[in-house]
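The structure displayed is predicted, hence computed values, not measured ones. Numbered from 1 within each chain, the chains take letters A, B, ... in sequence-line order.
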There are 2 protein chains.
Amino acid sequence: MMDERLRKPRIDDVARRAGVSTATVSRALATPDQVKPKTRAAVEKAVLETGYVLNVAARNLRTNRTHAVLAVVPDVANIFFSQVLRGISDTLHQHGYRLVIADTGNDPERERDHAEFAQAGWVDGLLLLNGRLLPTPPGGRRRLAVPTVSLCERIPGSDIPYVETANREAARAMTEHLLQLGHRRIGYVCGPPNNILEHDRFAGYRDALAARGLVPDLALVRPGDYTLAAGEAAASAYLALPELPDAVFASNDAMAMGLIRGFTAAGLSVPEAISIAGFDDIEFAGAYNPALTTVHQARSEIGARATTMLIDLIEGRQPASREVHLPAEIVMRDSTRER
Amino acid sequence: MMDERLRKPRIDDVARRAGVSTATVSRALATPDQVKPKTRAAVEKAVLETGYVLNVAARNLRTNRTHAVLAVVPDVANIFFSQVLRGISDTLHQHGYRLVIADTGNDPERERDHAEFAQAGWVDGLLLLNGRLLPTPPGGRRRLAVPTVSLCERIPGSDIPYVETANREAARAMTEHLLQLGHRRIGYVCGPPNNILEHDRFAGYRDALAARGLVPDLALVRPGDYTLAAGEAAASAYLALPELPDAVFASNDAMAMGLIRGFTAAGLSVPEAISIAGFDDIEFAGAYNPALTTVHQARSEIGARATTMLIDLIEGRQPASREVHLPAEIVMRDSTRER
DNA sequence: TTTCGATTTGTAATCGATTACATTTTTTCC
DNA sequence: GGAAAAAATGTAATCGATTACAAATCGAAA
């Protein structure tokens, strides 16, 4: 008796109460129009009375589906990724899926662990927000992989479908913008060397210069690692040069902000003395002082597109395209001006 | 034959290959030291050979545990929450749990949906990063709730354990800091009116003034909603006053940045003409121009503490405390100075 | 009214692991 | 070497749903 009230009600408790079979209860809940309205009502009543909640594990086991998708993210706290996640989350929700996030903290071991767990039927699909992970089939042999899409960074040498920003074209456009403003000595602050995004962006920078018959002055190309500090360091390096650049294009916004801080701390004002451009259009780029000219990536759009692709894959449809390059947009604000 | 190679191997395939029973395989994998080293090796070999991966759904069903925790977040793209998530994710990982994130997009319907699903055995515990959600027991009657902890905002009128920043004390300390710098006409830009955090922060502001026998000048208290635009609007409002405040304390960083932008746009320099302080110490507060004086919340620490509490609850231990107020720290940077 | 097809419902097998309990093997100790 | 204790392994029930197939019910046409 007391047991009855405490034990979690199961589908057969509902069935008994409604005077039908478990099959009917299951159908009344999952496919209501396969069931006579009258029985359906009886079942719904019984569900309410018993406080029945379906057991997800049992359903997953039986149907071999979870209606969940795993996103493997290097760092949820990174504002860039978190906005992509927003696009993912919304799109999944629209299609009746749930989101499981694995924050790997940039730890390859954790990445592998999660990718492996994904194969265990823990989710129906996999979104990789990181170009590094090459999910080796579990056990290193057979490939029974879960549908997978990568985004933000394509995975070099793999045939996993992906969605990313057209980095090269965007960097080229931004560099052209600076050239059009009359700048000629244009500096560039790099991202981490073996990053594929960085590779594309730097190529775009050189494309634009080459189109005008210019070659990059190596003294104006500074190393960096996407941190504010790297931008500040680059600013010091430029200040030590006999002649300052007219403008500097940083391959992300944090470094652009570092440059601005470095230059203003030295008494140079931006954009009067020097123009600075960034890449990413992170949330505070527009709020910065001065507001940052930068490349806007449609972050949630990237997430949304990749998710649509993944759902197509999961549900056995052929996605419209396996390689999507989303155009980015130059946002002109106050950190650049005509020479 | 071909089937053999394509079908996903199950535990009994491994058992057969290793020449043991399924029970032994299960033990060899889950509790290796309950099994003779020799058999264990045989099982491991068979696992590799077959490419076996355990079926999560089956295990979850049988054990009635998932080793996953659901975090219900109003907005993953919000930098504040995403850093809390980082603390959550790390702590969970340390204890062998996984993180499931439900981004509700501030939609109460989605919140309820997720909370309900959590009861379905989809996760072992629930973390609520939002003060609004009062998870009604499913069906509105029986309460067989999953262990739950709320964080960031306590849930008024509920007995759910929580972890939050000591907002009132922190706001009081920041206001005192401004008073000590010699400021007397101290403005305050509010957050959304019925937000419990805001309530606490405003109370702290008044506490500090009251301690000096001052009463807040209502003309200096401006409404806001945690957005940059609200800060800019407040700046305009202050500029329209016959006499400017000496300093303004904004109840979050975005609004503080808006104030700085508004004042500098009007030709006033910060902190020379007016001191500005924020609250939260978001990622770019230190990178701002000028670097923002603000209240640092230990965001990942909040996540970590709440997670520890939740795991205690899940594993049947009594958590050390059911209400944790973490002290915050004033970070003095360049946006405030002596009068 | 009867019959046939369509609709609705029920019976029972099934998904793939874990684990209580029983049984066998190994170790310990006199 | 043998008895008792400890360790290792095996047998089979079990978790809670879904669904193929069979059976029952219903409605419409003849």
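Remark: C1' of D:dC15 and CD1 of A:Ile11 are 14 Å apart, rounded to the nearest angstrom. In this structure, the CG atom of A:Leu54 is 16 Å from the P atom of D:dC15, given to the nearest Å. For the pair B:Asn55 CG and C:dG16 C1', the interatomic distance rounds to 6 Å; values are reported in whole Å. Nucleotide C:dT19 holds its P atom 9 Å from the CZ atom of B:Arg59, rounded to whole Å. The interatomic distance linking A:Asn60 (CG) with D:dT19 (P) rounds to 12 Å, in whole Å. Separating the CZ atom of A:Arg10 from the C1' atom of D:dT18 is a distance of 15 Å, rounded to the nearest angstrom. Note: NZ (B:Lys8) to C1' (C:dA17) measures 14 Å, nearest angstrom. When the P atom of D:dG16 is taken as reference, atom CH2 of B:Trp122 falls 18 Å away, rounded to whole Å.
Partners of A:His95 according to the ring pair (Phe, Tyr, Trp, His ring centres under 6.0 Å) rule, which considers only residues two or more places apart in sequence or in another chain, do not exist here. Judged as a ring pair (Phe, Tyr, Trp, His ring centres under 6.0 Å), and not counting sequence neighbours, B:Phe81 has no contacts. Residues satisfying the salt bridge (Lys or Arg N to Asp or Glu O under 4.0 Å) criterion with A:Arg40, sequence neighbours excluded, are absent altogether. Residues meeting the ring pair (Phe, Tyr, Trp, His ring centres under 6.0 Å) test with B:His93, sequence neighbours left out: none. Every residue two or more places apart in sequence or in another chain was checked for a side chain to side chain donor-acceptor pair (under 3.5 Å) with B:Ser150, and none qualifies. With sequence neighbours excluded, no residue forms a side chain to side chain donor-acceptor pair (under 3.5 Å) with B:Asn78. Listed by chain and residue number, A:Arg10, A:Arg16 satisfy the side chain to side chain donor-acceptor pair (under 3.5 Å) test with A:Asp12 (two or more places apart in sequence, or in another chain).
Residue A:Thr63 places its side chain closer to D:dT19 than to any other of D:dA17, C:dA17, D:dT19.
Axis deviation across the helix from C:dT1-D:dA30 to C:dC30-D:dG1 amounts to 30°, comparing end segments of five pairs, rounded to 10 degrees.
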Identify each atom pair where a protein N or O and an N or O of nucleotides 5-7 of chain C are less than 3.5 Å apart, giving names and distance.
none

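Applying the side chain to side chain donor-acceptor pair (under 3.5 Å) rule to pairs touching residues 299-312 of chain B yields B:Gln83-B:Arg299, B:Asp312-B:Arg317, sequence neighbours excluded.
At the heavy-atom level, A:Ser26 lies under 4.0 Å from base atoms of the strands shown.
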List the atom pairs, donor and acceptor, that lie under 3.5 Å between side-chain atoms in residues 28-39 of chain A and the rest of the protein, sequence neighbours left out.
from, atom 1, to, atom 2, distance (Å)
A:Thr31, OG1, A:Arg27, O, 3.3
A:Thr39, OG1, A:Lys36, O, 2.9

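A side-chain donor from one of B:Thr66 and B:Asp124 sits under 3.5 Å from a side-chain acceptor of the other.
Distances shown here put a side-chain N or O of B:Tyr52 below 4.0 Å from the OP1 or OP2 atom of C:dA17.
Remark: A:Arg322 fails to qualify as a cation-pi partner of A:Tyr162 under the 6.0 Å distance and 45° angle criteria applied to the six-membered ring.
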Next on the checklist: Return a single string for nucleotides 5-13 of chain D, one symbol per nucleotide in 5' to 3' order, where B is base contact, S is sugar-phosphate-only contact and - is none, cutoff 4.0 angstrom on heavy atoms.
Outcome noted: ---SBBBBB
